[in-house]
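Notes follow the structure.
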Amino acid sequence: DGGITQSPKYLFRKEGQNVTLSCEQNLNHDAMYWYRQDPGQGLRLIYYSQIVNDFQKGDIAEGYSVSREKKESFPLTVTSAQKNPTAFYLCASSIAGTENTEAFFGQGTRLTVV
Amino acid sequence: AQTVTQSQPEMSVQEAETVTLSCTYDTSESDYYLFWYKQPPSRQMILVIRQEAYKQQNATENRFSVNFQKAAKSFSLKISDSQLGDAAMYFCAYRSAFTGTASKLTFGTGTRLQVTL
């Protein structure tokens, strides 16, 4: 079945440590996205990529980094510079372009700083 | 920058009844897309319905329909014959239609829908 796989489902991080969230898709989509979800704030865009080896900052990129070495993969690293990393993180993908393309979402990763 | 506002943090509806969730947005663009996403307790985001701004006709998908008022920048979701499985968080989202914006979505803060017997 085609879809987006995020791992792990739950992740715990000690303060001062970097941690990487995995996102893999087999939908052959060019574009991929990372969103952060906090209670009462909806989803906010962290980074997005429209093509391999290229990515752009979203609205809340500070303290995060990404890479796009393969079309299928778009890992997100939460660095120690992110002051409040505890949140639910959602990865999405879509066909790139200007058409009314649906974004498909993974099941998310819950990150908790301990 | 575009903004999306959902003014109802929580709504409740009885099974088989109809409920309307509100959404307003602010944009200076003339061409865009609007979406309603559902997030059940599993937290998987599921597309419910979409609307192209250039279309005057309101979108419908089975029990789900929208009331799109472009001049008022309003995009409400109507759920008819509500079912227990409709209980979820509902997010309204905006996407620009301009080249180079990919499918970046701007979300509202969500409305939690409770369905009662």
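Because the structure is a prediction, the values reported are computed rather than measured.
- For Ile46(B), no part lies near chain A; criterion is any non-hydrogen pair under 4.5 Å.
- Counting only distance, with no hydrogens or angles, the side chain of Glu102(A) and the backbone of Leu47(B) share no donor-acceptor pair below 3.5 Å.
- Residue Arg95(B) holds its CZ atom at 7.0 Å from OG of Ser94(A), rounded to the nearest 0.5 Å.
- Applying the 6.0 Å contact sphere to NZ of Lys78(B) captures no more than 12 heavy atoms from other residues, nucleotides or ligands.
- Across every non-hydrogen atom of Gln44(B) and Phe105(A), the tightest pair is NE2-O, 2.5 Å.
- Clustering ILVMFWY residues whenever any of their side-chain heavy atoms sit less than 4.5 angstrom apart, transitively, puts Ile60(A) in a cluster other than the one holding Phe91(B).
- Under the 4.5 Å side-chain heavy-atom criterion for Ile, Leu, Val, Met, Phe, Trp and Tyr, Tyr48(A) and Leu90(A) are members of the same hydrophobic cluster.
- Atom CG of Asn62(B) has 12 or fewer neighbouring heavy atoms from other residues, nucleotides or ligands inside a 6.0 Å radius.
- Partner Arg43(B) forms a side chain to side chain contact (heavy atoms under 4.5 Å, CB included) with one of Gln37(A), Gln107(A), Lys9(A) and no other, that one being Gln37(A).
- With chain B as partner, the option from Pro39(A), Ser93(A), Gly106(A) having the largest number of non-hydrogen pairs under 4.5 angstrom is Gly106(A).
- Interface remark: Leu43(A) contributes backbone and side-chain atoms alike to the contact with chain B (heavy atom separation under 4.5 Å).
- Contact of Gln39(B) with chain A is made through the side chain alone, with heavy-atom distances under 4.5 Å.
- To the nearest 0.5 angstrom, Leu45(A) atom CG is 8.0 Å from Thr106(B) atom OG1.
- A 6.0 Å sphere centred on CD1 of Ile51(A) holds no more than 12 heavy atoms belonging to other residues, nucleotides or ligands.
- Put simply, Leu11(A) and Val114(A) are part of two different groups of oily side chains (I, L, V, M, F, W, Y) that touch within less than 4.5 Å, one to the next.
- To the nearest 0.5 angstrom, Phe107(B) atom CZ is 13.0 Å from Arg44(A) atom CZ.
- Across all their heavy atoms, Leu105(B) and Tyr35(A) have their closest contact at N-OH, 3.0 Å.
- The number of heavy-atom neighbours closer than 6.0 Å to CZ of Arg63(B), taken from other residues, nucleotides and ligands shown, is above 12.
- Hydrophobic clustering of Ile, Leu, Val, Met, Phe, Trp and Tyr side chains at less than 4.5 Å, counting indirect connections, keeps Val4(B) apart from Tyr37(B).
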